[in-house]
Participant: 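First the structure, which I've put down as structure tokens, then a few questions once you've had a look.
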Amino acid sequence: MKRSIAMTLLVTLALLPVVSASSQDLSDLELLTRLDEVRFFDETVTQIAVRIVSETPDETREASLNLSFLDTEDGSFARISFDAPEELAGQIFLSTPDATYFYGPDLDFPIKTSATTEVFGDSAVAQTSGIRFADSYTIEERRSVVNEEGEEILEIDLAAIDFTVAFQVVTVKVDASTLTPISAMLYAVSGIPFYEVFYEVYETRDETDVYVTMQRIVNQLLIGRITTSEILDIGTEALPPESFDPDALGPG
């Protein structure tokens, strides 16, 4: 599952449409929107099937789950439900504009949790459902740097719009020629790095819809912990709105 970032980006970015405008030509909101659009599929996609592999120095585990999405006038909703392993089947994480909830088969009602709660391995609710920069952050600084391969890339420092955002500070590394995100370092308020998320593989759907199909999360505090997620299937059939209602979760 592990892949060389340099080799993967060399192949996949070559397939992406070239962006004629540089980052300097875009406003902060336009740049953040660009970073979201190239990572996420378009709004017709309502469901995806995902495989997550968690590697630690002691063991390797695998899980299968489904993500469903709903956009309304009240905001965006996401539902994460497990298919496997058997001991996690039936567990649900629900992200709403107001809060994040967890529900399991042994619970009578959902409980409030945090978007930083781990879903599987080091993939928290926020990383699993996807962090949309334009919705949650403002740009503090953007700068050109030279990476370890001697290539010029763009680094963008982001600050959360409020304290409800899972990770308060993010630094995104971006391919300077295509404005395609390479990775994102997720920090706590204190400035301690928690995770670095590498956007490893990009694919194109219906010829124009570019999205990240594989990402790798490297734990910055616990050495040797790596969590890789891969999109296996995409669907366009929407779940009923009550599937995203925390009050509808429960035996009743």
Side-chain angles (χ1 to χ4, degrees), residues 23-24 26-41 43 52 67 69-80 93-102 110-145 153-176 179-200 211-212 215-222 225 227 229 244 246:
S23 65
Q24 301 302 321
L26 302 177
S27 68
D28 286 356
L29 180 58
E30 288 172 336
L31 180 54
L32 292 178
T33 300
R34 161 66 190 180
L35 300 183
D36 286 343
E37 287 178 344
V38 77
R39 289 183 301 124
F40 292 96
F41 24 73
E43 64 276 3
I52 301 181
L67 270 71
F69 306 97
L70 176 68
D71 288 322
T72 70
E73 294 181 354
D74 297 325
S76 297
F77 297 75
R79 176 186 171 118
I80 304 168
F93 289 90
L94 191 63
S95 295
T96 75
D98 300 320
T100 300
Y101 298 87
F102 170 76
I111 58 175
K112 277 190 177 183
T113 185
S114 167
T116 59
T117 300
E118 291 181 355
V119 173
F120 191 79
D122 285 320
S123 187
V125 175
Q127 294 106 303
T128 306
S129 58
I131 300 173
R132 293 188 178 271
F133 300 137
D135 292 343
S136 304
Y137 295 92
T138 58
I139 293 179
E140 291 283 287
E141 183 183 353
R142 44 173 120 173
R143 57 188 172 272
S144 294
V145 300
I153 63 171
L154 180 65
E155 281 190 352
I156 306 171
D157 293 333
L158 307 181
I161 58 175
D162 57 45
F163 283 99
T164 65
V165 177
F167 299 98
Q168 290 292 292
V169 179
V170 177
T171 295
V172 187
K173 294 181 180 179
V174 180
D175 182 276
L179 297 186
T180 303
I182 300 170
S183 68
M185 187 71 80
L186 311 179
Y187 296 88
V189 179
S190 62
I192 297 175
F194 279 157
Y195 309 103
E196 186 164 15
V197 182
F198 294 92
Y199 305 112
E200 298 247 86
Y211 66 96
V212 173
Q215 67 177 19
R216 181 167 56 95
I217 301 170
V218 179
N219 193 308
Q220 300 299 296
L221 300 178
L222 301 174
R225 291 179 60 106
T227 303
S229 63
F244 302 89

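Counting from 1, the numbers follow the sequence of the chain as shown. Atom set for the values below is all heavy atoms of this structure, side chains included, hydrogens, waters and symmetry mates excluded.
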Participant: Does a side-chain heavy-atom distance below 4.5 Å link K112 with Y101?
Facilitator: yes
Participant: I want to check something: taking the side chain as every heavy atom from C-beta on, are T128 and L67 in contact at a cut-off of under 4.5 Å?
Facilitator: yes
Participant: Can you find a heavy atom in the side chain of R34 that is under 4.5 Å from one in the side chain of T180?
Facilitator: yes
Participant: Where do D122 and Q127 come nearest, in terms of heavy atoms and distance?
Facilitator: O-NE2, 3.5 Å
Participant: Would L221 and I192 count as a side-chain contact (heavy atoms from CB on, under 4.5 Å) if you check the C-alpha gap in whole Å, the side-chain angles of each, and the deciding distance to 0.1 Å?
Facilitator: CA-CA 9 Å; L221 300 178; I192 297 175; 3.8 Å; yes
Participant: Nearest 0.5 Å, what's the CG-CG distance between L35 and L26?
Facilitator: 9.0 Å
Participant: Do F163 and Q168 come within less than 4.5 Å of each other through their side chains, counting heavy atoms only?
Facilitator: yes
Participant: Counting distance only, does the side-chain N/O of N219 pair as donor-acceptor with the main-chain N or O of R225 below 3.5 Å?
Facilitator: no
Participant: Is there a donor-acceptor pair under 3.5 Å between the side chain of R39 and the backbone N or O of P181?
Facilitator: no
Participant: Can you tell me how far the OG atom of S136 sits from the CD1 atom of I131, to the nearest 0.5 Å?
Facilitator: 8.0 Å
Participant: Main chain of V119, side chain of S123: is a donor-acceptor contact present, judged purely on distance under 3.5 Å?
Facilitator: no
Participant: Using the side-chain contact (heavy atoms from CB on, under 4.5 Å) rule, pick out the option among V169, V172, V165, D28 that qualifies with Y137.
Facilitator: V165
Participant: For the CZ atom of F69 and the OG atom of S95, what is their distance to the nearest 0.5 Å?
Facilitator: 9.5 Å
Participant: Hey, what do you get for CE (M185) to CG (L158), rounding to the nearest 0.5 Å?
Facilitator: 13.5 Å
Participant: Quick one, F77 and L94 - any side-chain contact, counting heavy atoms below 4.5 Å?
Facilitator: no
Participant: Provide the closest heavy-atom pair for L179 versus L154 in the form atom of the first, atom of the second, distance.
Facilitator: CD2-CD2, 4.4 Å
Participant: Measure from NZ or CZ of R79 to the centre of the six-membered ring of F244, then state whether that distance is under 6.0 Å and the direction lies within 45° of the axis.
Facilitator: no
Participant: I need the S76 OG to D71 CG distance, nearest 0.5 Å.
Facilitator: 4.0 Å
Participant: Could you name each residue pair satisfying side-chain hydrogen bond (donor to acceptor under 3.5 Å, both in side chains) that touches residues 154-164, not counting sequence neighbours?
Facilitator: R143-E155, R143-D157, D157-T171, D162-T164
Participant: I need the S183 OG to K173 NZ distance, nearest 0.5 Å.
Facilitator: 5.0 Å
Participant: Can you confirm whether or not the ring centre of F93 sits under 6.0 Å from the ring centre of F102?
Facilitator: yes
Participant: Could you tell me which non-hydrogen atom of A124 sits nearest to which non-hydrogen atom of A115, and how far apart they are?
Facilitator: CB-O, 3.7 Å
